[in-house]
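Take a look at the structure set out below.
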There are 2 protein chains.
Amino acid sequence: MSEKPEMPEDPKPRRRQARGERRITQLLQAAANVFCANGYTAASTNAIAREAHVSPGTLYQYFPNKEAIAVELGGRLMHEMREAHGQAFTPENLALPLPELLDAVVDPLIAFNCANPVFLALMHGSETPGRIAEEHDALHASLIERVRVLIAHYLPDSPPADCVRVADMAFAVFKGGLHLVLAAPEGPERDATIAELKQVLLRYLDPVIGEGALMAGATAARAVAAADAGLTTSRNP
Amino acid sequence: MSEKPEMPEDPKPRRRQARGERRITQLLQAAANVFCANGYTAASTNAIAREAHVSPGTLYQYFPNKEAIAVELGGRLMHEMREAHGQAFTPENLALPLPELLDAVVDPLIAFNCANPVFLALMHGSETPGRIAEEHDALHASLIERVRVLIAHYLPDSPPADCVRVADMAFAVFKGGLHLVLAAPEGPERDATIAELKQVLLRYLDPVIGEGALMAGATAARAVAAADAGLTTSRNP
DNA sequence: GACAAACACGAGTGATCGCTCGCGTTTCCT
DNA sequence: AGGAAACGCGAGCGATCACTCGTGTTTGTC
């Protein structure tokens, strides 16, 4: 056999020292800055190394190529995001009235994207390598799925296609508003933008999920809900 | 005087033949395809020339550099869009009830972006050269301004900051939904997505501009409008 | 037909990018 | 202490890119 005597677990079971781990996070931080400033394609590996105050050779000791940097960075961000957001869809939150439910779901997502603007920069560009786009699509799909389940929970007798469309639209609206939030300067202006985004989602979803809106500020909301539960996703006349 | 005998109108009053004009549109069409497929930075001038079935030298006879291609393409798209959209904000449309007003404003924008997907690809990327970003910002600002004027028309006693925020949010929501519309396959699914996007905007803006919503499908909409015209942009409690 | 100018070509140029390689330094283990 | 391996360096390699240039072809004008 031509196999190595060691286990064939991973092709790169490289032994790292503490210094190396520090360098990796340092390089990923630098890469985040450069990706955020110039986008993926325009970001050069030499620029990343310079930003991290190391030589190009050092960079390539920890990453086999440029794509691997983005993949590792994207992977860590995904993991962080799943953690920060995983507790948003717990059953107890799912029983909350709509405004509180929106807070519980939207606030962690906004906070994460404010703290890691590179996430949107990496995921949004069509220039990103295919590997990342796949992971992002998976994360995106899992988020959409959770929203869809939540919608379906309030609309058990609605055709699945309608639930999917509502979930997709709610998420797309959120993403559009998220860009506005990130563009606003930190402080009261950003807070007001966040409140306005929640207002959009509230007014869109309130008639849809109906009975969860008892605490809504608009006193007439219940009238809308009571009027007709059949026009939920509104087939055009 | 060291001036040329001809008028100093433009530094490049190059005399073009019909063949040249055809080549220019042909090259811009090819550039649109390549930009749309790969983004601006990843699109090579050689690839554009190849797509147009001409040599790189021919390309550079009509455009001084790569950026000029994008600028000219962007400029033509801008012009086309201003024309297609200019008739959406005429005073007669401004007097329409909200659903029809929404149709009048949203439909041309969606149709344009469906017909010219390169527009979003060029304008949206942060990789685009500064020249285009400026023009896009100008167009963006003029659209927002029109929306703001429209909002302010319905809320004459509201602080200007609130009108701006509502206009910004409405436009951001539209952009988010637009991506969803473009991602949907042409046909009934896309139409349903468009209808859903209008539903979002309708439900968001209906309580804001109030009295214009008489023809809304929700019969209780007037109750919301009558309830209180002061919570329009909703200061959070 | 003859001349000039616009058009078309494609190999080639300099710059930049992703990435490598050889060699010196630091850290860990015994 | 001493050896092995991880760490760190930066000049430099091949590839690719935006762009040029010398040359040949087509078009408009007289």
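In what follows, chains are A, B, ... by sequence order, proteins preceding strands, each numbered from 1.
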- Quick one: Arg22(B) CZ to dA8(C) C1', roughly how many Å, whole number? 13 Å
- Query: Between the side chain of Arg190(B) and the main-chain N/O of Ala184(B), is any donor-acceptor distance below 3.5 Å?
  - Reply: yes
- Message: Can you tell me if Arg23(B) touches the phosphate of dC7(C), counting only side-chain N or O atoms and a distance under 4.0 Å to OP1 or OP2?
- Response: no
- Using 30° and 60° as the class limits, which term best fits the ring planes of Tyr40(A) and Phe35(A): parallel, tilted or perpendicular? tilted
- Between dC17(D) atom C1' and Ile69(B) atom CD1, what is the distance in whole Å? 13 Å
- Item | His136(A)/Leu122(A) under side chain to side chain contact (heavy atoms under 4.5 Å, CB included): CA gap, chis, key distance, verdict | CA-CA 9 Å; His136(A) 174 248; Leu122(A) 257 190; over 6 Å; no
- Message: Categorize Tyr62(B) for me: base, sugar-phosphate, or nothing, with a 4.0 angstrom heavy-atom threshold over every strand shown.
- Response: sugar-phosphate
- Has His79(A) got more than 12 heavy atoms of other residues, nucleotides or ligands less than 6.0 Å from its NE2? no
- Bend angle of the helix from dG1(C)-dC30(D) to dT30(C)-dA1(D), end axes from five pairs each (to 10°): 20°
- Query: Checking all strands, does Ala42(B) fall into the base, sugar-phosphate, or nothing category for heavy-atom contacts under 4.0 angstrom?
  - Reply: nothing
- So what does Ala49(B) touch, heavy atoms closer than 4.0 Å: a base, only the sugar-phosphate, or nothing? nothing
- Message: What is the distance, to the nearest angstrom, from the CD atom on Gln61(A) to the C1' atom on dA5(D)?
- Response: 10 Å
- Item | Nearest-Å distance for atom pair CG/P, residues Asn38(B) and dT16(D) | 15 Å
- How many Å lie between NZ on Lys66(A) and P on dT20(C), as a whole number? 15 Å
Anything under 3.5 Å between a protein N or O and an N or O of nucleotides 20-28 of chain D, put it in a table, one pair a line.
none

- Query: Has Arg16(B) got more than 12 heavy atoms of other residues, nucleotides or ligands less than 6.0 Å from its CZ?
  - Reply: yes
- Provide, to the nearest angstrom, the distance between the CZ atom belonging to Phe63(A) and the P atom belonging to dG8(D). 13 Å
- Task: Check the angle between the aromatic planes of Phe171(A) and His140(A) and answer parallel, tilted or perpendicular using the 30° and 60° thresholds.
- Result: perpendicular
- To the nearest Å, give me how far apart CD (Glu21(A)) and P (dT26(C)) are. 21 Å
- Query: Think Arg16(A) has a side-chain N or O under 4.0 angstrom from the OP1 or OP2 of dA5(D)?
  - Reply: no
- Task: For side chain to side chain contact (heavy atoms under 4.5 Å, CB included), just list the numbers for Leu143(B) and His85(B), CA-CA rounded to whole Å, side-chain angles, deciding distance to a tenth of an Å, and then say yes or no.
- Result: CA-CA 9 Å; Leu143(B) 283 178; His85(B) 179 264; 3.1 Å; yes
- Query: Does any pair with a residue in residues 45-71 of chain B pass salt bridge (Lys or Arg N to Asp or Glu O under 4.0 Å), and if so which ones, sequence neighbours excluded?
  - Reply: none
- Message: So Asn46(A), base contact, sugar-phosphate only, or nothing? Heavy-atom distance under 4.0 Å.
- Response: base
- Message: Heavy-atom count check: over 12 atoms from other residues, nucleotides or ligands less than 6.0 Å from His153(B) NE2?
- Response: no
- In whole angstrom, give the distance that lies between atom CG of Asn65(A) and atom P of dG14(D). 20 Å
- Message: Can you give me the closest heavy-atom contact between Leu96(B) and Leu101(B), atom names plus distance?
- Response: CB-N, 4.0 Å
- Establish, with yes or no, whether the OP1 or OP2 oxygen of dC19(D) is under 4.0 angstrom from a side-chain nitrogen or oxygen of Thr45(B). no
